[in-house]
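In this chain, residues are counted from 1 in sequence order. Computed from a prediction, not measured in an experiment: that's the story for all the values here.
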Amino acid sequence: YYYLVGRSFLHPNLRFDQTEYNRRLETEFAAISDVQEVVKKNELIVRSGKKVTPRQERILEEMADVMQGQAADKGLVVLAAPAAAKVLLTIGAFALLFLYLYLFRREMFNSSNRLLALLLVFVLQLVFVQVAVHFNLPNFAYPVAMVPIILTVLFDAEVGIISSFVLAMLLGVMHRFDFTLALQTVVLGTASTLISRETRKRSHFFRILIVVVITNMFYILLVEGMKLTPDKDFANLLGLGAVAGSFSLLFSIFFIPFFESLFGITTDLTLLELSDLNH
């Protein structure tokens, strides 16, 4: 009753304008900037060899997105050029390996089983490296000695040496031409090959373990010692180097019998086992 009485005397003097509301809302939204941070031209983002902070990581990711967008605007050829270059360099690395086998190891080149075993060893090595990359481990923690150890035991030292150089090229291409990683692969690969070329007993793997671990730790000492600002976690890097060398050997010991039996490859270890009169 009171509502009906009041309604006859009170009249609204303000009404809702939906059009004006939408216009003002759009104006306010337009005034909000999506720029979180401004990076000036030639401003230093992160120094080489330093740990990347979350802020620096966001800036680098945004730069990568901008560069990819710019490349896409320039055409499909420019966008696909980096990936195509990596593919060509990878093919070139394996082409050098197959050329060596064709010229100097024709019996191995003509054996499909041996070639398949060779490629499978490389695939396993790259898988383990990618696992280390996934967990953001430093380069010193990559088990790069696995390829030379396995291939030297399965075939000989020459194949182990050339495979080490091919692996160094592959890892360098995969990691944006990281010279430190490529050099590490060559050094560890050469040492692993030289110590693995006369593996006559399973117990000889302990000798390989000692050499690989010491070589990797010495390489870390050499590389970090040449830096003006060595890593603060220097002791941890040495520990990771020792663990990486150990895992390289453990993976090799595990997979060598697999390749021997699956691909019918007879090694010195196989012959020693067959020479047992109780066999």
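- A donor-acceptor contact closer than 3.5 angstrom links the side chains of Asn22 and Gln18.
- A side-chain donor-acceptor contact under 3.5 Å links Glu43 to the backbone of Lys40.
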Contacts under 3.5 angstrom, residues 148-173 side chains, donor-acceptor by atom type, not counting sequence neighbours:
from: Thr152; atom 1: OG1; to: Pro148; atom 2: O; distance (Å): 2.5
from: Asp156; atom 1: OD1; to: Arg105; atom 2: NH1; distance (Å): 3.1
from: Asp156; atom 1: OD1; to: Glu158; atom 2: N; distance (Å): 3.1
from: Asp156; atom 1: OD1; to: Val159; atom 2: N; distance (Å): 3.0
from: Asp156; atom 1: OD2; to: Arg105; atom 2: NH1; distance (Å): 2.3
from: Asp156; atom 1: OD2; to: Arg105; atom 2: NH2; distance (Å): 3.1
from: Glu158; atom 1: OE1; to: Tyr100; atom 2: OH; distance (Å): 3.0
from: Ser163; atom 1: OG; to: Val159; atom 2: O; distance (Å): 2.7
from: Ser164; atom 1: OG; to: Gly160; atom 2: O; distance (Å): 2.8

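- The main-chain N or O of Ala242 is never found under 3.5 Å from a side-chain atom of Asn216 such that the two would form a donor-acceptor pair.
- The environment of CZ in Phe255 is crowded: more than 12 heavy-atom neighbours from other residues, nucleotides or ligands sit within 6.0 Å.
- Residues satisfying the side-chain hydrogen bond (donor to acceptor under 3.5 Å, both in side chains) criterion with Gln56, sequence neighbours excluded, are Thr53.
- For the pair Asn113 and Phe263, the tightest heavy-atom approach, listed with the atom from each and the gap, is O-CD2, 3.4 Å.
- When the side-chain hydrogen bond (donor to acceptor under 3.5 Å, both in side chains) test is applied to Arg55, the partners found at least two apart in sequence or on another chain are Glu37.
- Annotation: side chain of Leu119 is not in contact with side chain of Leu115 (no heavy-atom distance under 4.5 Å).
- Side-chain contact, Glu260 with Thr267: a donor N or O sits under 3.5 Å from an acceptor N or O.
- Heavy-atom neighbours of Arg207 CZ from other residues, nucleotides or ligands within 6.0 Å: above the threshold of 12.
- Every residue was checked against the side-chain hydrogen bond (donor to acceptor under 3.5 Å, both in side chains) condition with Tyr219, not counting sequence neighbours, and none meets it.
- Asn110 pairs by the side-chain hydrogen bond (donor to acceptor under 3.5 Å, both in side chains) definition with nothing, not counting sequence neighbours.
- When atom types are taken as modelled, the side chain of Arg106 and the backbone of Tyr102 share a donor-acceptor pair closer than 3.5 angstrom.
- Classified by interplanar angle (parallel below 30°, tilted 30° to 60°, perpendicular above 60°), the ring pair Phe122/Phe94 is perpendicular.
- Looking at Arg197, its side chain does come within 3.5 Å of a backbone N or O of Leu194 through a donor-acceptor pair.
- Looking at residues two or more places apart in sequence or on another chain, you find a side chain to side chain contact (heavy atoms under 4.5 Å, CB included) between Leu99 and Leu103.
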